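One structure below.
Everything quoted here is computed from the prediction, not taken from an experiment. Read the numbers this way: they start at 1 and go in the same order the structure lists the ligands and their atoms.
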Amino acid sequence: MSVRWLFQPSALHWAWRTAALRSTLGRQRGVLRWTHSGGHSYRAVIFDMGGVLIPSPGTVAAEWEVQNHIPSGTILKALIRDGDSGPWMRFMRGEMTTEAFLEEFGRLCSEIAKTSVPVNSFFSLLTSEQVAKQFPVMTQAISQIRAGGLQTAVLTNNFYLSNGKSFLPLDRKQFDVVVESCLEGICKPDPRIYQLCLQRLGLQPSEAIFLDDLGQNLKAAASLGIHTIKVGQPEAAVKELEALVGLPLSGDIPNTRPVRKTMEIPVDALEKYLKGLLGTHGTGPMELLQFDHGQSNPTYYIRLADRQLVLRKKPPGTLLPSAHAIEREFKIMKALENAGVPVPTVLDLCEDSSIIGTPFYLMEYCPGVIYKDPSLPGLEPSQRQAIYAAMNQVLCRIHSVDLQATGLDSFGKQGDYILRQVQTWTKQYRAVETSSVPAMERLIQWLPLHIPKQQRTTVVHGDFRLDNLIFHPEKAEVLAVLDWELSTLGDPFADVAYSCLLHYLPSSFPILKGFRDMDVTQLGIPTMEEYFRMYCLQMGIPPIDNANFYMAFSFFRVAAILQGVYKRSLTGQASSAIAEQSGKFPEFMAELAWDFAIKEGFRVFKEMPASKPVVRTYHAWAGSRPQRTPAGVRSSSSVAAAAPSQETKGGLIISPEGLSPRVRKLYDRLLQFMKENVYPLEPELQRHQASADRWSPSPLIEDLKEKAKAEGLWNLFLPLETDPEKKYGAGLTNVEYAHLCEVMGMSLYAPEIFNCSAPDTGNMELLVRYGTEEQKARWLVPLLEGRIRSCFAMTEPKVASSDASNIEASIREEDGSYVINGHKWWITGILDPRCKLCVFMGKTDPQAPRHQQQSIILVPMDTPGINIIRPLSVYGLEDPPGGHGEVRFKDVRVPKENIVLGPGRGFEIAQGRLGPGRIHHCMRLIGYSERALSLMKTRVMSRTAFGKPLVEHGTILADIARSRVDIEQARLLVLKAAHLMDVAGNKAAALEIAMIKMVAPSMAYQVIDRAIQAFGAAGLSSDYPLAPFLAWARALRFADGPDEVHRLTVAKMELRNHSRLQEPAVPRVL
Ligand SMILES: Cc1cc2nc3c(=O)[nH]c(=O)nc-3n(C[C@H](O)[C@H](O)[C@H](O)COP(=O)(O)OP(=O)(O)OC[C@H]3O[C@@H](n4cnc5c(N)ncnc54)[C@H](O)[C@@H]3O)c2cc1C
């Protein structure tokens, strides 16, 4: 099975889209017709007869004169001779009998021709059946005009025949009004006859269009205010009329062509069958056309006598049992028609292959309005709104059909529709896969994990879009829903989402025009969200919150289908040339699907239960101990497992079990993510870091970032205090984040995957706190989205940078800009090609007080004058692709508005920047340590030395114990610092921050060192993460500020506290 709408559109679309309507459209008076072009509302078309509907007397005469050797123009001259009082006009007004006319007219002609003219012969020809025959193009146009809801009239200058009847060789049923001059006694161009016609139509002149071949008749009509069309060639006139009324009128059935040789069907047998079926005894041959491109189920247009039909058949040859199930289409349309759903009227299912070679079914053909352009150009916003509302309404009708009452309860499987669909399309996609599409891979994993829990089962259309609907031309009412090939039983929201796909496709999209680039609200079209809401309201069900899931699913399905089309194009079985260009489309659709998956991920995350107020501080919970994952996470510890926390801001939660349900869920998901996605990829990521491509970001990381986003595991670092409205991040407290950050610390690759890595986190926090709206829009948003990276440039080779007041780089104001000069090094992340922003610290005023000399300025990395000299390495590790670079800034000029907060505020900002971010490294160091200890335990339990397992050697046991204690101590101090930051603020936590910075790197270094020792030489190799852990733990004793500086802080504060106690310095001697 495949969805046909993209590349086999015509067979289904154009057949069905123009296919039968159950009833002929009404032509109600007083109903304002919708204009689809030109902006005018016409309600009737008035036709002259001779020269418009049938050949004109002048044309007939010209041929007759040639054949009868009569001087050319004789008849014409006689027709106009004496104007109103001439014989022709009197004859037209019914003032003369035929005989009298012929006599007088004959005399006149002979006089003009100077020879005897046999006018009887001309008159016979003029009124013969063979000549006086309506032009087919006009018959078609009249039928379309009426079907389109307009009235039709014939306004003719005609005459009586010798049998006493007026000459009107037309089917009167085609017209709402017939005005004949010989009956009325008035002729065109007398205005009264036009007025009479309008009066009978019940219209104003401006509401009518008049077609005539004679200028004077048109002039008279125009002077009354009627729109006129001069008819030369009937085909051209119909085209002109078509443009005015905005309906397809030409005799061609849209998108049909003569039947292809290979698709021919036995016409005689079919005609016989149809005549038997319909009881039609029409004259003339049966007309048979084929709808374009029909490959799936060939579809034909049939005109037989006054009936217009559509025939749809199975293709010839051997077919898969489930394919081309036209019987199903017939069955559902029949059932739905009975249930009051507007569908084409199906007339007959013929399963007897002997008639035309395969089974087929028949529907009535009837045109209506099909809006091919979903932006509905030419309509008013209110009309667009009404059209979409009607579309929504009809969908509700389909979804409300009683399955049992209609006998459709066995039309498809019930339940698990989405899951089955995901599995089916995944299987089909795999079968036609040509290259790996990352978004598709992510979706294949993501969709089954997010299947909506509650699914209703209804009839689903499977291809429900605006251009599968035939609308009433005068009002927003759906007359028929077409294209039921993919219908089944399933989750109705799949249809709702599918109807919104075009909202997200650009108008230039080659295979299907969307309106992503338009302002839908201005157009009057409901947004996707509004469309869903409208649907729920109409159905009487509560609004759904997972519309994004259904959108992701719909785009995924389309992506899978397009992949199949592309594959077929490669093997030469493509349904059309357009398929060959379709290689890019699956990925395009998959990316769109993934965007929705990401939104859904965030939605799920944000809707987790919100924080409750503080219930207690300094809390320790009792309970059974947690068992953690093998990936180096706590497996047993002195940490007591907890009763689930009441929330949280301010709760000192010492184990993950104490986290609130919302954060606990997040924590568990993070653990799972690390286990499933991060640890297994470490060897590959490590290989990339050692490869020649190492200075380019690994595509694996980019993929994992997308995945993490979709899981809602993104920007978790931004603390609630900085982002109280949770505008930018997850709104965790520092304590909550500490537990999660520890988990991220277990892999060196993880922080970036969750957009929680330094120095971006600090820079983002700086922008949230101090950035202007422009700075946020330019830098913060892409950083939060993980599209760019950033660096922080403070340290300089020439000065001891642990004391920031030593910084020498200059930021000089010049001609309304700032010009930067300086030499920096150890600038983390600057080598990454994604690094687009440098947060630069330098001096704006070396003469100002010591802590007001510095400023921080935002420097776009593409500014001329930035010269990266080399990457630096830590114990030989270059840490690509970001690295740690040495860089010169030479006359780097940036706009003045790039300064953050203003000149002289650099120190203040640097302090703020390292607020909560100051202990993120410590949190991660606990993670390093846990993983190192876990690896150590595994190793010593699996190796034997000197007759017993390593784990039984006392020194090893002592090391394990030592490490556990060290980790627990450090973790408690991290949590305490985080807790104080939460409840008392960063300033109040200064001592704890300094203490943990002093403690954590050294603690981690020792725990890792013990693990390396227990590992043997392997511990130093790159086969395990221990060596880089050790290197980075060591480096952090500088990067996070040298130990000595933290010690100084602790000591100073300690001494300050001491002075408050006023302990005597000298022992008291009793
Ligand atoms: C891996 C890594 C990444 C880095 N990333 C960045 C970055 O992105 N951006 C950036 O700007 N910088 C970065 N740095 C630099 C880091 O911030 C500095 O190394 C740190 O601030 C120390 O400055 P310094 O190297 O100039 O040492 P100095 O200031 O020269 O200090 C040298 C030593 O002097 C001693 N000392 C200093 N002060 C005292 C004191 N008060 N009492 C006693 N002894 C003292 C300490 O032993 C200290 O280690 C990074 C460093 C590393 C290793």
Relative to the heavy atoms of Val799, which atoms of ligand 1 are at a distance of less than 4.0 Å?
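In order of number, 26 (O).
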
Winner among Glu1044, His884, Arg1047 once heavy atoms are compared against atom 43 (C) of ligand 1:
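Minimum heavy-atom distance to atom 43 (C) of ligand 1 goes to Glu1044.
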
Who's closest to atom 27 (O) of ligand 1 heavy-atom-wise, of Pro759, Ser802, Gly829, Ala1039?
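It is Ser802 that holds the nearest heavy atom.
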
Part of Leu1048 within contact of ligand 1 (heavy atoms, under 4.0 Å)
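Under 4.0 Å from ligand 1, Leu1048 contributes side-chain atoms alone.
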
Of the side chain and backbone of Asp1043, name the one, both, or neither that has a heavy atom under 4.0 Å from an atom of ligand 1.
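The answer is neither; Asp1043 stays 4.0 Å or more away.
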
For the pair Phe717 and Tyr737, name the ring-plane relationship: parallel under 30°, tilted 30 to 60°, perpendicular over 60°.
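Rings of Phe717 and Tyr737: perpendicular, as their planes differ by over 60°.
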
What protein heavy atom sits nearest [atom], and how far away is it?
atom                    : value
atom 53 (C) of ligand 1 : Ala1035 O, 3.9 Å
atom 48 (C) of ligand 1 : Pro1042 CB, 3.8 Å
atom 9 (N) of ligand 1  : Phe792 O, 2.9 Å
atom 50 (C) of ligand 1 : Trp826 CB, 3.6 Å
atom 19 (O) of ligand 1 : Phe1038 CB, 4.0 Å

Protein heavy atoms: any of them under 4.0 Å from [atom]?
atom                    : answer
atom 25 (O) of ligand 1 : no
atom 4 (C) of ligand 1  : yes
atom 33 (C) of ligand 1 : no

Could you tell me which non-hydrogen atom of Pro1001 sits nearest to which non-hydrogen atom of Ala1033, and how far apart they are?
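In terms of heavy atoms, the two residues are closest at CB-O, 3.6 Å.
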
Could you tell me whether [X] and ligand 1 have an N or O pair separated by under 3.5 Å?
X      : answer
Val874 : no
Thr795 : yes
Thr828 : yes
Trp825 : no
Asp803 : no

In the structure I gave you, are the side-chain heavy atoms of Pro903 and Tyr818 within less than 4.5 Å of one another anywhere?
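They are in contact (side-chain heavy atoms under 4.5 Å apart), so the answer is yes.
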
Side chains of [X] and [Y]: donor-acceptor distance under 3.5 Å anywhere?
X      : Y      : value
Gln689 : Tyr749 : yes
Ser805 : Asp803 : yes
Ser757 : Arg789 : yes
Glu682 : Ser747 : yes

List the steps, then state whether side chain to side chain contact (heavy atoms under 4.5 Å, CB included) holds for Leu652 with Leu975.
CA-CA 7 Å; Leu652 173 56; Leu975 291 171; 3.8 Å; yes

Go through the steps to decide whether Glu736 and Tyr667 satisfy the test side chain to side chain contact (heavy atoms under 4.5 Å, CB included), and finish with yes or no.
CA-CA 9 Å; Glu736 288 167 337; Tyr667 179 87; over 6 Å; no

For Glu878 and Arg694: C-alpha separation, side-chain torsions, deciding distance, then whether salt bridge (charged side-chain N to carboxylate O under 4.0 Å, His left out) applies.
CA-CA 10 Å; Glu878 288 175 317; Arg694 65 188 180 282; 2.9 Å; yes

Contact with ligand 1 for Asp1040, non-hydrogen, under 4.0 angstrom
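No, Asp1040 has no heavy atom closer than 4.0 Å to ligand 1.
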
Would you find a donor on one side and an acceptor on the other, under 3.5 Å apart, between the side chain of Lys843 and the backbone of Glu808?
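No: the side chain of Lys843 does not pair with the backbone of Glu808.
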
Salt bridge present between Asp966 and Arg1010 (N-O < 4.0 angstrom)
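Yes, charged N to carboxylate O under 4.0 Å.
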
